[in-house]
S.K.: 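Here it is, the structure in full.
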Number of protein chains: 2
Amino acid sequence: MARRAAASKTATMMDIDARRPDTPGATGDESIYRGISAAILEHRLPPGTRLAEDALGEIFGVSRTVVRKALFRLAHDKIVEIRPNRGAAVASPTIGEARDVFDTRRTLERAVIEAACETADRVALEDLRRLTRAEEAAHAEGDRQSVIRHSGDFHLRLAEIAGNAVMGDFLRELISRTALIIALYERAGPAACAAHEHMALIDAIEDGDTAAAVALMDTHLNEIEASLNLDGGEPPVDLRDVFAGVGLATTPRRS
Amino acid sequence: MARRAAASKTATMMDIDARRPDTPGATGDESIYRGISAAILEHRLPPGTRLAEDALGEIFGVSRTVVRKALFRLAHDKIVEIRPNRGAAVASPTIGEARDVFDTRRTLERAVIEAACETADRVALEDLRRLTRAEEAAHAEGDRQSVIRHSGDFHLRLAEIAGNAVMGDFLRELISRTALIIALYERAGPAACAAHEHMALIDAIEDGDTAAAVALMDTHLNEIEASLNLDGGEPPVDLRDVFAGVGLATTPRRS
DNA sequence: TAGTCGAAGATTGTATACAATGAAATTCAA
DNA sequence: TTGAATTTCATTGTATACAATCTTCGACTA
């Protein structure tokens, strides 16, 4: 509840926090990649926000070379869109893309759950419960950013338990894209807390009830999708484009 | 049967054919990306082959900037491995990674087949048959590279028919990695022709027999995996590393 | 002779400079 | 005043130069 000062104002890249090195060991483009990624995933940078190379370089204290590298990585992750000669922007997934992402997530997460039911040991289950408790706590405190992060970590940890790194990588990408989709298509009302669904999932895994676990995961993802504004007409993306750069300084600061 | 002149000699990057622009409209790093990608997928560049930036730049007539961009894209596709400060090389997937790739392919292709059974129309089926006939022809001619390409196109077209672009993108990556895995773990004997399995698959889709189609796809992928050398001890990758740079000129040509 | 330390060479990582492209603003005409 | 064309500016794309790192070759020592 602290840092969102100007909610009605158009967001700029200044919402990226370059000074907090999310991962200390990171080198080269890694820190800027993570910085932008986190900013997008935690809804500090809304879809459509332009990401100018010079400005980012100044913020992160590196040259455009490194910025471009990070930007292209993000583009491959589909959370940044790069149009040749026209720069990068936070991606604005369409409704169709959103549906495809959820479909693919259901497909992969079903497989993950099935595997996890066989591979999960006591330590894994305890770790999942720890993550879910953290998610509950964040929800109770109204810390939306932490909720997003912990929820993603839960699903990622599940994939890790399942023991398939390829699925894990794909799922990481899908979870990122889901966060972006939620930012775009979230309904006005406050999102329901999904943590108790995670808890039920853990119980089913512990019981070795694969069918129940799969069903719970399906329901979980369906409810998330159903909570979004995916039926409606044109996507908000066009509106954003239309109103882009209204009260927005092109460069955040001119030294 | 024409171009493989020196089979026993260590492959170098000269096997990349830079002059044939696989896609004429390609611009910037796209052509070099496709060039290297095709060379790897068609087994002209075996796993472990070093990919020096300067040499590639000279071959393709661009600066290292563009080469690096292409290389990092390939690294994200997992068909090139980049170790910091130590350069890029054609990736050498481990046995475990190979298993994960096949598992994930089975998961995704099952979903693709299920969807395709509902969405495939007459045109789509005819297109699939055309691709499979081309695959058969290439197999008959002993053109392994075309077989690989056509087989991949078949699975990709299937994903396209299924209508989920996200799954399609993932599958494209998995198909690429599969080609690399086959290059590494292929048994000595000549691979069986998979084209007739593709034909059976098409028939099942046409009949609307989803269960049969899914089963056929499962069998198909299982047979490919079973035809590989995935049980054994240490992967050939280490051997390659050991013998790397034995009779191999560091730079292909020094003008 | 084998092993280790050190220096030279080669290769990658990053920054900067220039070229090309797209966006915006000003001018001119209707 | 509105519209279009041209000029101007900003931003991206590419090449090159320099710095950092790793590898390799050679000399020296035990």
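Letters go in sequence order (proteins before strands), and every chain restarts at 1. Everything quoted here is computed from the prediction, not taken from an experiment. Just the heavy atoms: all of them, side chains too, but no hydrogens, waters or symmetry mates, feed the values below.
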S.K.: Provide, to the nearest angstrom, the distance between the CD atom belonging to B:Glu53 and the C1' atom belonging to D:dC22.
M.R.: 14 Å

S.K.: Judged by each residue's nearest nucleotide on DNA chain C, which is more toward the 5′ side, B:Ala88 or A:Gly61?
M.R.: B:Ala88

S.K.: Take the protein atom CZ of B:Phe60 and the nucleotide atom P of D:dT14, then report the distance between them rounded to whole Å.
M.R.: 15 Å

S.K.: For B:Ser151, what residues pass the side-chain hydrogen bond (donor to acceptor under 3.5 Å, both in side chains) criterion, not counting sequence neighbours?
M.R.: none

S.K.: B:Thr107: which residues meet the side-chain hydrogen bond (donor to acceptor under 3.5 Å, both in side chains) condition with it, sequence neighbours left out?
M.R.: none

S.K.: Can you name the residues that form a side-chain hydrogen bond (donor to acceptor under 3.5 Å, both in side chains) with A:Arg130, not counting sequence neighbours?
M.R.: A:Asp127

S.K.: Using atom names, set out every protein N or O paired with an N or O of nucleotides 16-21 of chain D below 3.5 Å, distance rounded to 0.1 Å.
M.R.:
none

S.K.: Taking only residues two or more places apart in sequence or in another chain, which ones pass side-chain contact (heavy atoms from CB on, under 4.5 Å) with B:Ile175?
M.R.: B:Arg105, B:His155, B:Leu156, B:Leu171

S.K.: Taking side-chain hydrogen bond (donor to acceptor under 3.5 Å, both in side chains) as the definition, give me every residue that meets it alongside A:Glu53, ordered by chain and number, with sequence neighbours left out.
M.R.: A:Arg64, A:Arg68

S.K.: Using the side-chain heavy atoms of A:Ala52, tell me which of these nucleotides is nearest: C:dT12, D:dA15, D:dT12.
M.R.: D:dT12

S.K.: Measure from CD1 on B:Ile82 to P on C:dT12 and round the result to the nearest Å.
M.R.: 10 Å

S.K.: When the distance from NZ of A:Lys69 to C1' of C:dT14 is rounded to whole Å, what number comes out?
M.R.: 9 Å

S.K.: Let me know the distance between CG of B:Leu71 and P of C:dT12, rounded to the nearest Å.
M.R.: 9 Å

S.K.: Which nucleotide in the set C:dA15, D:dT11, D:dG13 lies at the smallest distance from any side-chain heavy atom of A:Arg50?
M.R.: D:dT11

S.K.: Rounded to whole angstroms, how far apart are CG on B:Asp29 and P on D:dA15?
M.R.: 11 Å

S.K.: Near B:Arg172 CZ, under 6.0 Å, is it more than 12 heavy atoms from other residues, nucleotides or ligands?
M.R.: no

S.K.: Just N and O in the side chain of A:Arg68: are any of them under 4.0 Å from OP1 or OP2 of D:dG13?
M.R.: yes

S.K.: Whole angstrom is fine here: how far is it from CG in B:Asp54 over to C1' in D:dA15?
M.R.: 13 Å

S.K.: Establish, with yes or no, whether the OP1 or OP2 oxygen of C:dT21 is under 4.0 angstrom from a side-chain nitrogen or oxygen of A:Arg86.
M.R.: no

S.K.: Among residues at least two apart in sequence or on other chains, which ones pass salt bridge (charged side-chain N to carboxylate O under 4.0 Å, His left out) with A:Asp169?
M.R.: B:Lys78

S.K.: Please give, in whole Å, the distance from D:dT14 P to B:Glu30 CD?
M.R.: 12 Å

S.K.: With 3.5 Å as the limit, what N/O pairs link the protein to nucleotides 6-9 of chain D?
M.R.:
none

S.K.: Among D:dT12, C:dA15, C:dG13, which nucleotide has an atom closest to any side-chain atom of B:Pro84?
M.R.: C:dG13

S.K.: What residues, two or more places apart in sequence or in another chain, satisfy ring-ring contact (aromatic ring centres under 6.0 Å, His included) together with B:His150?
M.R.: none

S.K.: Relative to each other, are the rings of B:His76 and A:His76 parallel, tilted or perpendicular (30° and 60° limits)?
M.R.: perpendicular

